Q: 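Let me begin by handing over the structure; questions about it come next.
Note that these values count all heavy atoms, side chains included, but never hydrogens, waters or copies made by symmetry. These numbers were taken from a predicted model, which means no experiment stands behind them.
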Amino acid sequence: MRFLPDPEQRSFTDALGALLAAADTPAVVREWSRGEHARGRALWARLGAAGVFGLAMPEEYGGAGPHPVELALGFVELGRHAMPGPLVETVAAAVLLDAPPHAGRFLPRLAAGEAAATVAPPGGLALDGDAAALRLALTPGGLYLATPGRVRASLDPARRLTPLTPDGAPLLTAPPYERALCWARLAVAAQALGVGLALLDRTVRYVGQRTQFGVPVGSFQAVKHRLADAKTALEFARPLVLGAAVSMRPADVAAAKLRACEAAYTTARTALHLHGAIGYTAEYDLSLWLTKARALRGAWGTPEECRELVLADALGEVSG
């Protein structure tokens with residue numbers, strides 16, 4: 001099976017890529033890391049107007065979907081441009097709240113990009129609780145509105161982690177957590193794929209410009225092999241991500257997240273190795289993607305958790 005975007009999907013991703021490229025996202029990321037959200041929120045609103053968040057929401061609540069394939073294609077571009085903010089968490093919140101009685105109250109603003117949402121999984125921390133207008137905490141007792149605590153440092157400075165304290169009575173006593181988790185993992189997988197592609201593109205350009213012994217570093221066979229391995233890993237991940245978006249089976253999505261995040265992490269290691277010391281510096285833009293590749297690897301499910309789900313599904317099919 002060949003997974004190729006149709007003309008309408010290519011037009012959407014081209015327009016989204018152009019929007020993000022014109023926004024100078026590295027500068028936005030650095031401001032976001034300092035807790036300065038003005039430019040990030042303005043860009044967020046433009047993404048909402050472009051229909052990115054509405055792809056996870058029903059039409060009756062201001063969305064355009066749900067359309068998981070288009071959402072995945074959009075999140076590849078968001079990862080490629082290192083867009084900061086609770087992107088995945090807004091998708092998860094939309095899925096948790098996409099039915100009465102709360103959908104009409106929350107989803108239209110999320111779809112329009114007027115507000116961002118964040119979700120703290122059971123026992124975990126929320127992303128960007130200081131920036132999100134809607135904060136949700138998942139507990140064994142249900143889904144709650146929540147109050148953020150003090151921001152904590154993260155490996156990726158643009159991923160500002162926040163503890164959430166549930167407030168009042170639960171919004172839902174039996175929220176669709178497994179469905180929201182599936183959508184969140186798909187978004188993480190697509191975002192990681194975009195991060196990996198950006199790292200590869202930047203590294204290919206760098207080794208083509210840097211010279212040693214009078215020739216470009218990229219002409220060395222060992223360098224070519226490292227880049228080829230990274231390219232192969234990313235290209236094998238791409239159909240898994242798109243295939244998971246078509247099926248939306250939890251095991252397929254877990255496999256896509258596992259493969260895309262591992263490919264992005266492998267590419268990050270290659271990029272760091274081939275850039276040398278400059279790749280370690282926070283002032284160099286490469287670092288914005290390096291740290292994100294590492295952080296996404298464990299977001300909404302560790303590699304071990306995803307492997308266990310894939311294996312359990314495979315064994316279930318065999319025994320059945």
Side-chain angles (χ1 to χ4, degrees), residues 1-14 16-17 51-57 63-80 87-88 91-92 94-95 98 176-201 228-267 293 296-320:
M1 183 178 293
R2 299 177 68 197
F3 293 107
L4 295 175
D6 62 31
E8 186 174 353
Q9 291 167 337
R10 286 197 297 271
S11 177
F12 168 66
T13 55
D14 288 347
L16 183 57
V52 173
F53 306 116
L55 294 169
M57 306 177 202
H67 292 299
V69 173
E70 286 74 12
L71 182 90
L73 291 170
F75 267 72
V76 170
E77 293 304 311
L78 294 173
R80 197 191 296 269
L87 300 160
V88 174
V91 169
V95 176
D98 74 351
Y177 175 65
E178 294 301 325
R179 181 165 170 262
L181 179 62
C182 190
W183 276 80
R185 284 178 173 173
L186 176 67
V188 170
Q191 191 178 8
L193 177 59
V195 167
L197 292 170
L199 285 165
L200 181 62
D201 288 345
D229 288 343
K231 174 72 171 176
T232 300
L234 292 168
E235 290 305 320
F236 270 93
R238 190 194 303 267
L240 282 179
V241 172
L242 295 178
V246 171
S247 75
M248 288 303 287
R249 294 181 64 249
D252 293 345
V253 173
K257 181 189 181 302
L258 175 64
R259 181 52 53 207
C261 289
E262 292 302 293
Y265 185 60
T266 297
T267 304
L296 289 174
R297 194 167 178 242
W300 291 92
T302 64
E304 293 73 22
E305 290 170 338
C306 291
R307 285 192 186 95
E308 288 177 5
L309 179 54
V310 173
L311 180 59
D313 181 75
L315 292 175
E317 289 184 357
V318 170
S319 62

Q: Sequence neighbours excluded, which residues qualify as side chain to side chain contact (heavy atoms under 4.5 Å, CB included) partners of Ala264?
A: Ala192, Ala293

Q: Decide yes or no for Val76 and Arg238: does some side-chain heavy atom of the first lie under 4.5 Å from some side-chain heavy atom of the second?
A: no

Q: Quick one: list whatever passes salt bridge (Lys or Arg N to Asp or Glu O under 4.0 Å) with Arg179, sequence neighbours left out.
A: Asp98

Q: Just how far is it from atom CG of Leu193 to atom CG of Leu242, taken to the nearest 0.5 Å?
A: 8.0 Å

Q: Can you measure from CG (Leu296) to NZ (Lys257) and round to the nearest 0.5 angstrom?
A: 7.5 Å

Q: Which residues pass the salt bridge (Lys or Arg N to Asp or Glu O under 4.0 Å) test with Asp14, not counting sequence neighbours?
A: none

Q: Can you sort out the partners of Arg80 under salt bridge (Lys or Arg N to Asp or Glu O under 4.0 Å), two or more places apart, ordered by chain and number?
A: Glu77, Asp201

Q: Do the non-hydrogen side-chain atoms of Leu186 and Pro68 ever get within less than 4.5 Å of each other?
A: yes

Q: CZ/Arg259 to SG/Cys306 distance, rounded to the nearest 0.5 angstrom?
A: 11.5 Å

Q: Measure from the side-chain N and O atoms of Thr232 to the backbone N and O of Ala228, and report whether any donor-acceptor pair falls under 3.5 Å.
A: yes

Q: With sequence neighbours excluded, what pairs up with Glu262 under the salt bridge (Lys or Arg N to Asp or Glu O under 4.0 Å) test?
A: Arg297

Q: With salt bridge (charged side-chain N to carboxylate O under 4.0 Å, His left out) as the rule and sequence neighbours excluded, what pairs involving residues 299-310 come up?
A: none

Q: For a 4.5 angstrom cut-off between non-hydrogen side-chain atoms, does Leu16 reach Phe75?
A: no

Q: Can you see which heavy atom on Val69 is nearest to which on Gln9, and at what distance?
A: CG1-NE2, 3.8 Å

Q: Return the minimal non-hydrogen interatomic distance between Ala72 and Val241, and the atom names on each side.
A: CB-CG1, 4.3 Å

Q: So which heavy atom on Ala251 is nearest to which on Val310, and how close?
A: O-CG2, 3.6 Å

Q: Closest approach of Thr267 and Gly196, non-hydrogen atoms and distance?
A: CG2-O, 3.5 Å

Q: Using modelled atom types and a 3.5 Å cut-off, is there a donor and acceptor pairing between side-chain atoms of Arg10 and backbone atoms of Pro5?
A: yes

Q: Given side chains that start at C-beta, do those of Leu78 and Val52 come closer than 4.5 Å, heavy atoms only?
A: yes

Q: What is the minimum heavy-atom distance between Trp300 and Arg185, and which atoms define it?
A: O-NE, 2.7 Å

Q: Can you see which heavy atom on Pro239 is nearest to which on Glu235, and at what distance?
A: CD-O, 2.9 Å

Q: Looking at CG of Leu234 and CG of Leu200, how far apart are the two atoms once the value is rounded to the nearest 0.5 Å?
A: 6.0 Å

Q: With a 4.5 Å limit on heavy-atom distance, are the side chains of Thr266 and Asp229 in contact?
A: no

Q: How long is the straight-line distance from CG of Leu309 back to CZ of Arg249, given to the nearest 0.5 Å?
A: 9.0 Å

Q: Look up atom CG in Leu240 and atom CZ in Phe236, then write down how far apart they are to the nearest 0.5 Å.
A: 9.5 Å

